[in-house]
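Reviewing the structure listed below.
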Amino acid sequence: MKKYFPGPSAATTAAALALTLALTLTACSQEPAADDSPGGALSHIHGLGVRGDTLYVATHDGIHTPDATGRPTRVGDRRDDFMGFTVTASGAFLASGHPAPGSGGPADLGLVESTDSGRTWHEKSLGGEVDFHSLDTAPDSTVYGYDSTNGRLRVSPDGVTWEDRAALRALDIAVSPAGPATVLATTETGVARSTDGGRTFAPGEGQVLAYVSWGARDALFGVDQSGVLFRGTETGSGIRWDRVAAVPGGAPQALTVVDTRRLLVATQDGVYESRDGGRTFERRVTVTSGKEGH
């Protein structure tokens with residue numbers, strides 16, 4: 001008979017996420033350091049994205065993409081600490097975080113944009129004011145950012161003018177591809193849900209997840225602090241989360257869902273890709289655990 005070994009209890013997972021939140025929210029006060037991972041590996045991953053079939057990895061040391069052998073290569077010459085990162089439907093890169101040591105300028109990048117796949121960047125807004133730790137866009141191009149410095153969701157129709165919305169303590173956000181009114185946020189008590197564009201959130205409840213990503217109307221996934229992947233389904237009363245599989249490599253660092261079958265997860269030892277809805281994974285890039293964590 002097949003044996004079942006239960007994973008961490010909800011209380012244990014919540015405690016782990018609370019610790020991750022605490023570390024993440026205080027990380028902004030630390031001076032970013034150059035990535036110290038060995039050749040051929042990455043560390044301190046904060047975001048994943050794809051443009052066409054090319055994978056892009058946002059790290060503590062700039063944007064990287066793997067070559068044919070899986071060896072990561074830096075894109076462009078900027079070595080900024082990109083904390084928040086997303087690829088829009090038009091293919092533009094949006095990011096936030098901190099400038100590379102010694103590069104000058106304010107400690108927070110605000111929102112920066114690249115229209116050439118990360119080779120060059122320009123400031124779009126909020127330079128010196130905001131460090132977004134999570135970014136997402138809605139189908140109508142509305143930009144949602146979680147302002148970690150102030151613990152608040154901020155929303156912009158164009159990435160230039162911003163509106164302050166709900167205050168909350170979160171690690172990650174995801175916007176429904178069906179419309180910008182539904183927004184999810186991962187909190188230490190469960191996934192908090194907003195149905196008014198992030199102006200208010202119901203208290204976090206149910207499955208405690210670290211990261212969520214909503215790649216298509218029927219492609220909502222989340223991963224918990226131990227690396228277990230869940231698939232979300234909207235119900236009349238909220239979101240039901242069903243276990244899919246454990247992602248190799250332990251605790252997650254980032255999650256991006258492309259569609260119902262393709263998703264990418266960065267864990268402690270690799271960036272893994274699934275082409276079958278999370279049932280199996282293949283390692284695309286080697287990762288080494290950084291000394292400072294996320």
Side-chain angles (χ1 to χ4, degrees), residues 27 32-127 131-137 143 145 159 211 213 215 252-258 262-273 282-290 292 294:
D35 200 314
D36 56 3
S37 58
L42 296 175
S43 67
H44 306 295
I45 293 175
H46 304 310
L48 303 167
V50 294
R51 187 175 186 185
D53 201 46
T54 304
L55 166 65
Y56 294 92
V57 185
T59 78
H60 199 64
D61 190 41
I63 305 291
H64 294 73
T65 188
D67 62 18
T69 67
R71 184 180 180 87
T73 302
R74 184 179 293 106
V75 179
D77 58 2
R78 286 185 65 159
R79 304 184 65 159
D80 297 326
D81 179 13
F82 289 116
M83 297 296 298
F85 175 70
T86 192
V87 180
T88 71
S90 67
F93 290 7
L94 298 177
S96 189
H98 315 286
S103 61
D108 295 328
L109 292 175
L111 185 72
V112 294
E113 180 182 46
S114 173
T115 56
D116 57 6
S117 298
R119 288 185 290 276
T120 61
W121 295 83
H122 66 272
E123 181 183 311
K124 202 163 177 72
S125 60
L126 302 176
D131 169 25
F132 290 117
H133 274 203
S134 182
L135 290 163
D136 201 3
T137 54
V143 182
Y211 302 102
S213 182
Q253 300 189 63
L255 166 68
T256 290
V257 176
V258 181
R262 187 181 182 195
L263 56 141
L264 298 140
V265 188
T267 64
Q268 297 302 301
D269 74 358
V271 175
Y272 289 89
E273 181 173 13
E282 177 183 358
R283 185 159 64 179
R284 293 284 307 275
V285 185
T286 298
V287 172
T288 59
S289 297
E292 298 150 22
H294 193 286

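Residue numbers start at 1 and run along the sequence shown.
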Shortest non-hydrogen pair, Pro72 vs His64, comes out as CB-CB, 4.2 Å

Exactly one candidate in Asp67, Leu48, Leu55, Thr65 meets side-chain contact (heavy atoms from CB on, under 4.5 Å) with Val285; the answer is Leu55

Here the gap from Ser103 atom OG to Arg79 atom CZ, rounded to the nearest 0.5 Å, amounts to 11.5 Å

Value for OG1 (Thr256) from CZ (Phe85), rounded to nearest 0.5 Å, stands at 8.0 Å

* Using atom types as modelled and distance alone, determine if a side-chain donor or acceptor of Asp80 lies under 3.5 Å from a backbone N or O of Ala100. => yes

Here the gap from His60 atom NE2 to Met83 atom CE, rounded to the nearest 0.5 Å, amounts to 8.5 Å

Distance col, row Arg78:CZ vs Asp61:CG, nearest 0.5 angstrom, shows 12.5 Å

Closest heavy-atom pair, Val87 versus Gly49, reported as atoms and distance to 0.1 Å, is CG2-CA, 3.9 Å

In short, Arg51 meets Asp116 closest at the heavy-atom pair NH1-C, 4.3 Å

Heavy-atom nearest pair, Gln253 first then Ile45, reads OE1-N, 3.0 Å

Between Ala107 and His98 the two heavy atoms that sit nearest each other are O-ND1, 2.9 Å

Evaluate the criterion side chain to side chain contact (heavy atoms under 4.5 Å, CB included) for residue pair Asp269 and Val287; output intermediate values, then yes/no.
CA-CA 4 Å; Asp269 74 358; Val287 172; 5.5 Å; no

field: Polar contact flag, side-chain donor to acceptor under 3.5 angstrom, His44-Asp81
entry: no

Output for pair (Asp108 CG, Leu126 CG), nearest 0.5 Å, gives 10.0 Å

Output for pair (Leu94 CG, Phe132 CZ), nearest 0.5 Å, gives 10.0 Å

Exercise for review: Would you sort out whether Asp131 and His133 count as a side chain to side chain contact (heavy atoms under 4.5 Å, CB included), showing the intermediate values?
Suggested key: CA-CA 6 Å; Asp131 169 25; His133 274 203; 2.8 Å; yes

Is a side-chain N or O of Thr86 found less than 3.5 angstrom from the main chain of Asp136, in a donor-acceptor match?
no

Open item on the list: Any heavy-atom pair between the side chains of Val57 and Arg284 that's under 4.5 Å?
Closed with: no

For Gly110 and Ser96 the tightest heavy-atom approach is O-OG, 2.6 Å

Open item on the list: Assess the residue pair Phe82 and Leu109 against the criterion (side chain to side chain contact (heavy atoms under 4.5 Å, CB included)); give the C-alpha distance rounded to whole Å, side-chain angles, the decisive distance to 0.1 Å, and a yes or no.
Closed with: CA-CA 9 Å; Phe82 289 116; Leu109 292 175; 4.2 Å; yes

* To do: Specify whether Trp121 and Phe93 have parallel, tilted or perpendicular ring planes, treating 30° as the upper limit for parallel and 60° as the lower limit for perpendicular.
  => tilted

Walk me through whether Glu113 and Thr88 qualify under side chain to side chain contact (heavy atoms under 4.5 Å, CB included).
CA-CA 10 Å; Glu113 180 182 46; Thr88 71; over 6 Å; no

